[in-house]
Amino acid sequence: MQNVIEIRNMTKHYPVGTGKFTALEDINLQFGKGEFAGLVGPSGSGKTTLLNIVGTLDNQSEGEVAVLGNDIRILSSRQAADMRSEHIGFIFQTYNLLPHYTVFENVEFPLILLKYPAKKRSDLVMEVLEMVGLTDKVKSKPAKLSGGQCQRVAIARAMVKKPAILLADEPTANLDVDNSHNILQLMVKMNKEMNTSFIFSTHDEKVIRYLRRKINLLDGKVASDTEQLNNDA
Amino acid sequence: MMLKLALKNFFGAGLRTWLNILVLSIAFVAIIWLQGIFVSFSSRAFDAMIAEEIGGGYIQHKEYDPYDPTSLEETFAPLCEILLDIQNREKATAMLIYPAIAYPAGRMHNVTLRGIKPEQTILELPTEKMAADLGVVPVMIGSRMSRSTSLSEGDRFMIRWRDRRGALDAKEFEVAAVMSLENQSVDSGQIWMPLSDLQKMLQTDNAATIMVLSTEFDGQSVMGRIADDWILKTQYDLTEDLRSLIAMADIEYYVFYIIFLLLALISIFDTQILALFRRRKEMGTLMSLGMTRHQLIGLFTFEGGLYALFALLLGAVYGTPILIWTARNGFPLPEGMDMDSFGIPGITDTIYPDYRFSSIFSTIILSVIIVVIVSYLPARRIARLKPTDALRGKWS
Amino acid sequence: MKLQNRLIWKGNYRITGLLFLKAVAAAVIAIWSISAITQEPSASEILGHVDENITADSRIATISMTIHGRRSSRTVRSKSWVRGTDESFSEYLSPPREAGTKMLKIEDELWIYSPSTDRTIQISGHMLREPVMGSDLSYEDFMEDPVLSNIYKPELEGEEVVSERDCRILHLTAKSDDVTYQSRRLWVDKERFFPLKEEWYGSGGTLLKTLEVKEVGQEQGRWYPKRALFNDVLKRGDGTEVVVEDIEFDADIPDRVFSRAALRR
């Protein structure tokens with residue numbers, strides 16, 4: 001299987017006062033196409049930092065990180081932005097929808113950045129909204145939606161461009177049990193249908209149960225990296 | 001794409017946006033109105049000066065200095081044939097300017113007598129009214145002079161002067177007309193009378209201080225053929241002081257301009273700064289969706305620029321009728337406000353703003369550019385924003 | 001020159017008187033001779049006497065000038081030192097605002113020193129026509145050559161009683177056309193040869209200024225106007241009253257008084 005992400009001897013530290021804080025240390029990980037993997041660990045273990053580096057929003061301090069074959073350290077900010085635009089979807093704990101846009105417009109936005117023609121955009125948006133089950137909320141604004149609905153819009157927005165990689169940072173942290181399961185089932189379904197690699201960062205047991213691969217992070221180091229065969233997916 | 005997003009964000013902010021637009025639009029309308037008044041000031045000042053005072057320029061006695069009344073007693077000379085000829089051909093009119101003391105109602109006033117032919121057509125003054133036979137010499141004064149001396153039409157008063165040789169004399173005169181003059185320098189302290197009477201009073205035949213040229217006459221054509229007692233002062237030379245005055249008034253206008261615009265800009269700037277702090281997460285999200293920092297800076301600057309655009313639209317909606325109304329009906333100067341003290345001629349009791357497309361256009365362009373710059377300055381900070389920090393809602 | 005003129009006038013008067021006595025004694029009867037003694041002096045003689053009375057080799061005087069305005073009056077007191085007709089120096093004593101202001105006139109030049117600005121300025125041209133401290137007198141009036149015979153041709157016009165004194169009316173006409181007042185009228189006391197009333201006219205004959213002597217004084221045998229009222233008739237108001245508080249004739253005045261350095265002392 002082809003690796004979409006390769007991380008070798010990667011370390012990340014932040015300057016703290018005169019010294020530095022090591023967030024990630026000597027990480028070696030590979031993610032293949034179509035993975036459904038999770039970075040698991042308590043807060044401060046470096047999950048989000050790792051996701052951000054993989055998502056080209058941040059740079060490592062040492063070591064190598066290649067995303068879709070590109071060494072992210074030599075990418076210009078423009079190239080990184082293009083990469084995110086084309087190949088990487090993000091889902092956040094707080095949904096981060098554009099408040100003044102309707103559901104349709106929120107989902108359409110990534111396609112506009114990709115300069116898709118209007119007809120194609122509309123088709124793709126309706127298609128993905130059907131998948132997340134929000135065709136009746138097309139014209140609603142985020143403020144009118146429930147948390148679960150918002151997160152489904154966020155998923156639709158991340159998936160509408162059929163990215164190679166989807167990075168989800170604590171996607172269920174603000175959702176109740178039912179909604180969490182709905183969301184996760186939706187993501188599992190998309191993962192299978194679109195062959196997108198999903199990487200989560202989470203410490204939520206509900207999420208962990210769905211993962212096919214569980215990478216435990218502890219104090220910035222990979223504590224374990226295991227396949228989970230008996231997952232809910 | 002950018003337009004739609006900017007518009008959505010812009011109007012998404014609701015009341016705050018409209019307040020900013022309203023304030024900015026008021027600033028725009030006020031600026032244009034003010035500019036109309038200043039344009040009106042300056043153009044009328046020039047018009048009034050040319051019509052009532054300088055015509056197409058002077059051929060004047062070389063020592064003539066309007067700011068030195070002492071010198072007036074000696075700064076005249078007899079007109080030569082050539083100068084008399086251009087006067088006969090109505091290309092110029094002679095004026096004899098001489099100091100005297102007037103005693104309206106027994107009060108002393110230092111005045112300047114201006115002798116001019118009643119039948120002249122060079123200056124736009126009702127000099128023909130001095131052709132009246134009143135038994136005594138008829139004179140004309142401006143309305144300011146009328147106010148300061150309490151003289152009105154039909155009033156008689158004494159003037160005391162010193163003739164060419166230095167002997168004092170005094171005589172009674174009658175106000176034949178009170179002129180409504182725009183230019184105070186031919187009004188305050190000035191008494192107009194028939195040239196021949198003044199020449200008789202001074203016992204100088206055919207003498208004059210200046211020849212006021214017609215605007216169609218080129219004074220240069222006679223220079224060199226006349227005595228070197230006379231020099232040419234072109235319209236441009238004579239308006240030099242006025243031009244520098246107007247340049248100063250222009251500075252005042254820009255001060256007002258800046259104050260008005262600043263009021264609006266402060267609220268826009270404030271909104272922009274606030275947005276940068278409140279919308280960090282949104283910026284992070286947009287970056288994660290693949291927008292570059294430059295696109296973000298563009299977006300925020302553009303949003304700011306929209307204030308200018310909508311303020312223009314709103315301003316046009318209510319401003320146009322207001323501006324048209326003020327142009328038609330004028331703006332009455334507040335009671336007791338004397339524009340003469342600013343030294344700008346052409347200002348009577350009501351100012352009619354003069355709106356010119358070119359100046360409105362340049363004002364608008366300049367204002368929009370300033371608004372965009374003010375929007376851009378805070379947005380520039382985005383360039384230093386790390387997407388990870390933005391997503392966490394903090395600045396690096 | 002001016003001094004010489006005055007002597008000549010004096011001489012003329014004596015000569016003419018003598019000639020008359022000779023002619024009368026030789027030819028005519030006693031009654032004629034009586035009338036000859038009271039023979040009217042000529043206009044020129046009268047004016048000569050007037051000049052003699054007005055001018056002195058020198059004088060020191062304290063003068064108060066009250067300017068009657070429309071609403072209020074104010075008084076300016078000054079002390080002046082005059083020598084001949086060309087030199088005069090005066091200092092203002094009151095009111096406080098004007099006190100210390102000094103004026104120096106030498107021939108036809110006039111300087112004023114103002115203590116508030118500590119500056120000396122020369123008054124010339126247009127400024128000479130400004131009224132002195134708001135009075136009915138201009139700087140020019142002070143500047144004028146006081147020897148009337150030099151600039152005017154007199155003519156007898158008649159007689160009139162002024163302030164209960166018999167006066168002869170002299171009409172003066174300027175000898176040249178550059179004299180400020182082209183004609184004047186003087187009411188001269190028959191006995192004292194002292195003008196009790198004076199009028200100034202413009203070249204067209206308009207009355208411009210008047211002087212009325214309200215009170216006369218005598219000092220060292222000379223008559224002088226103790227209290228007089230000047231009036232600019234074109235101007236409304238009650239004129240300017242000049243009172244000579246103290247006068248001394250033919251005093252010795254040192255040269256340094258008439259120097260520009262004295263202005264700042």
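Model, not experiment: these values are computed from the prediction.
Looking at A/Leu57, both its backbone and its side chain come within 4.5 Å of chain B, counting heavy atoms on both sides. Heavy-atom distances place the side chain of A/Glu105, and not its backbone, under 4.5 Å from chain B. Heavy atoms of B/Arg293 lying under 4.5 Å from chain A belong exclusively to its side chain. In this structure, chain B has no heavy atom under 4.5 Å from any part of A/Gln93.
Side-chain atoms of A/Lys137 do not come within 3.5 Å of backbone N or O of A/Leu129 as any donor-acceptor pair.
Ranked by non-hydrogen atom pairs under 4.5 Å with chain B, the options A/Lys141, A/Arg78, A/Arg157, A/Lys115 are led by A/Arg157. No other option in B/Arg279, B/Glu282, B/Met287 has as many heavy-atom pairs under 4.5 Å with chain A as B/Met287. Ranking A/Thr94, A/Thr48, A/Ile88 against chain B, the residue ahead of the rest is A/Thr94, based on heavy-atom pairs under 4.5 Å.
Counted by atom type alone, B/Ser40 and B/Asp354 present zero donor-acceptor pairs between their side chains at under 3.5 Å.
B/Pro353 pairs in a side-chain contact (heavy atoms from CB on, under 4.5 Å) with only one of the listed residues (B/Ile32, B/Thr326, B/Leu323), which is B/Thr326.
In this structure, A/Asp58 pairs ionically with A/Lys12, as a charged nitrogen and a carboxylate oxygen lie closer than 4.0 Å. The pair A/Asp123-A/Arg121 does not meet the salt-bridge criterion, since no charged nitrogen lies less than 4.0 angstrom from a carboxylate oxygen.
Taking the ring centroids of A/Phe200 and A/Phe36, they lie under the 6.0 Å cut-off.
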